[in-house]
Number of protein chains: 2
Amino acid sequence: MRHSRQREAILAAVRGTTCHPTADAVYAEVRTKIPGISLGTVYRNLRVLVEAGELLAIEGAGGLSRYDGCTESHYHFRCDVCGRVIDVDEPVDDGLDGRVSARTGLAIRCHSLEFRGVCSGCQAQRLDGTANEHPRA
Amino acid sequence: MRHSRQREAILAAVRGTTCHPTADAVYAEVRTKIPGISLGTVYRNLRVLVEAGELLAIEGAGGLSRYDGCTESHYHFRCDVCGRVIDVDEPVDDGLDGRVSARTGLAIRCHSLEFRGVCSGCQAQRLDGTANEHPRA
DNA sequence: TTAGGTGCAAAACCTTTGCCATCCC
DNA sequence: GGGATGGCAAAGGTTTTGCACCTAA
């Protein structure tokens with residue numbers, strides 16, 4: 001894979017945060033460094049980087065993908081209110097794929113586990129009646 | 001929730017199959033019963049039925065959702081080649097949400113576990129060189 | 001009677017793609 | 001030089017929505 005200013009900035013933007021940004025959020029972040037970059041380039045590179053194993057894609061609700069700079073297996077929590085995705089510090093069950101493969105005959109490559117609920121920020125806003133600051137963000 | 005011919009046909013179409021159909025597949029199926037139904041009505045009712053807890057939505061890659069008539073907690077396998085979603089007969093870990101909730105402070109409501117790999121049909125087609133009959137279906 | 005549902009078509013939304021210029025190796 | 005990459009804009013596919021007309025309760 002060839003290098004380019006744009007590609008490096010996109011990779012750095014995703015790796016430099018723990019917030020699992022959407023393509024649009026990556027676009028906004030990278031534009032602070034390279035104002036002339038185009039959204040198409042961001043999508044093209046996110047795709048290339050995911051296919052190269054440099055990033056992980058997290059498919060989300062409403063056809064919105066998020067990207068994760070940590071490519072090691074780990075679990076996620078998604079807030080039903082604001083849509084944010086947070087890493088969960090739960091040990092990954094490495095033997096699960098093999099056990100289920102053996103029993104079902106499916107060729108299992110990996111698994112993803114996602115918890116759903118309400119994050120602490122949104123819980124607080126519900127209690128004090130504050131409007132949600134980051135709807136679907 | 002009010003009844004209508006259309007809504008009942010949509011619910012029956014999803015409940016009457018184990019193949020986790022997309023909105024478009026539901027549309028095709030329901031049109032055999034109600035030829036004049038519109039795609040907008042299918043989407044509207046799928047959304048209403050999911051919100052009412054009558055169906056489960058499975059968010060997928062490329063912004064394509066699938067629907068599941070079984071609302072009890074269970075796990076899925078998604079084929080990376082044809083995109084099909086299959087139920088996995090693995091016991092659900094009922095205590096997981098509570099344990100992780102207690103440790104992380106997140107208000108966890110549920111979790112979803114998805115296995116990825118190649119289904120038996122696509123494995124066979126790879127071996128014998130047959131073209132895939134159901135790409136991304 | 002009337003709140004809720006339908007059909008239709010247009011719009012919104014996220015993402016991909018074609019084309020040509022530019023850049024990296 | 002030549003293939004990979006970028007910018008731009010148009011197209012693509014899925015889902016939502018506005019509006020006028022119906023329909024179930």
* Asked: So does B:Ser65 get a side-chain nitrogen or oxygen closer than 4.0 Å to the phosphate oxygens (OP1/OP2) of D:dT15?
  -> yes
* To do: Measure from CD1 on B:Ile10 to C1' on C:dG7 and round the result to the nearest Å.
  => 12 Å
* Rounded to the nearest angstrom, tell me the gap between atom CZ in B:Arg44 and atom P in C:dA9. => 14 Å
* side-chain N/O B:Tyr43 vs D:dT16 OP1/OP2, d < 4.0 Å -> no
* Closer than 4.0 Å, any side-chain N/O of A:Gln6 to the OP1 or OP2 of C:dC23? -> no
* CE of B:Met1 versus P of C:dA3: gap in Å, rounded? -> 19 Å
* 5′-ward residue of the pair B:Arg47/B:Arg5 relative to DNA chain D -> B:Arg47
* Is A:Val85 reachable from A:Val26 through a run of I, L, V, M, F, W or Y residues, each pair having side-chain heavy atoms under 4.5 Å apart? -> no
* Could you state the CG-P distance from A:Leu11 to D:dG6, rounded to the nearest angstrom? -> 13 Å
* Under 3.5 Å donor-acceptor pair, B:Arg2 side-chain atoms to C:dG4 base atoms -> yes
* **Whole-Å distance separating the CD1 atom of B:Ile34 from the C1' atom of C:dT6** => 11 Å
* Taking only side-chain nitrogens and oxygens of A:Ser38, does any of them come within less than 4.0 Å of OP1 or OP2 of D:dA9? -> no
* Phosphate contact (D:dG6 OP1 or OP2) by A:Asn45 side-chain N/O below 4.0 Å -> yes
* Structure fact -> The residue, B:Leu39 or B:His3, whose nearest nucleotide of DNA chain D is more 5′ is B:Leu39
* To do: Give a yes-or-no answer on whether the side chains of B:Asp87 and B:His20 include a donor-acceptor pair shorter than 3.5 Å.
  => yes
* Heavy atoms, side chains only, cut-off 4.5 Å: are A:His76 and A:Ile86 in contact? -> no
* **Whole-Å distance separating the CD1 atom of A:Ile37 from the P atom of C:dT22** => 18 Å
* Specify the separation, in whole Å, of atom CG of B:Leu46 and atom P of C:dG5. => 14 Å
* To the nearest Å, how far apart are A:Tyr27 OH and D:dG6 C1'? -> 13 Å
* To do: Could you tell me whether the phosphate oxygens of D:dA24, OP1 or OP2, come under 4.0 Å of any side-chain nitrogen or oxygen in B:Ser4?
  => no
* Check ion pair B:Glu90-A:Arg103 (N to O, under 4.0 angstrom) -> yes
* Looking just at side-chain N and O atoms, do A:Glu114 and B:His111 make a donor-acceptor pair shorter than 3.5 Å? -> no
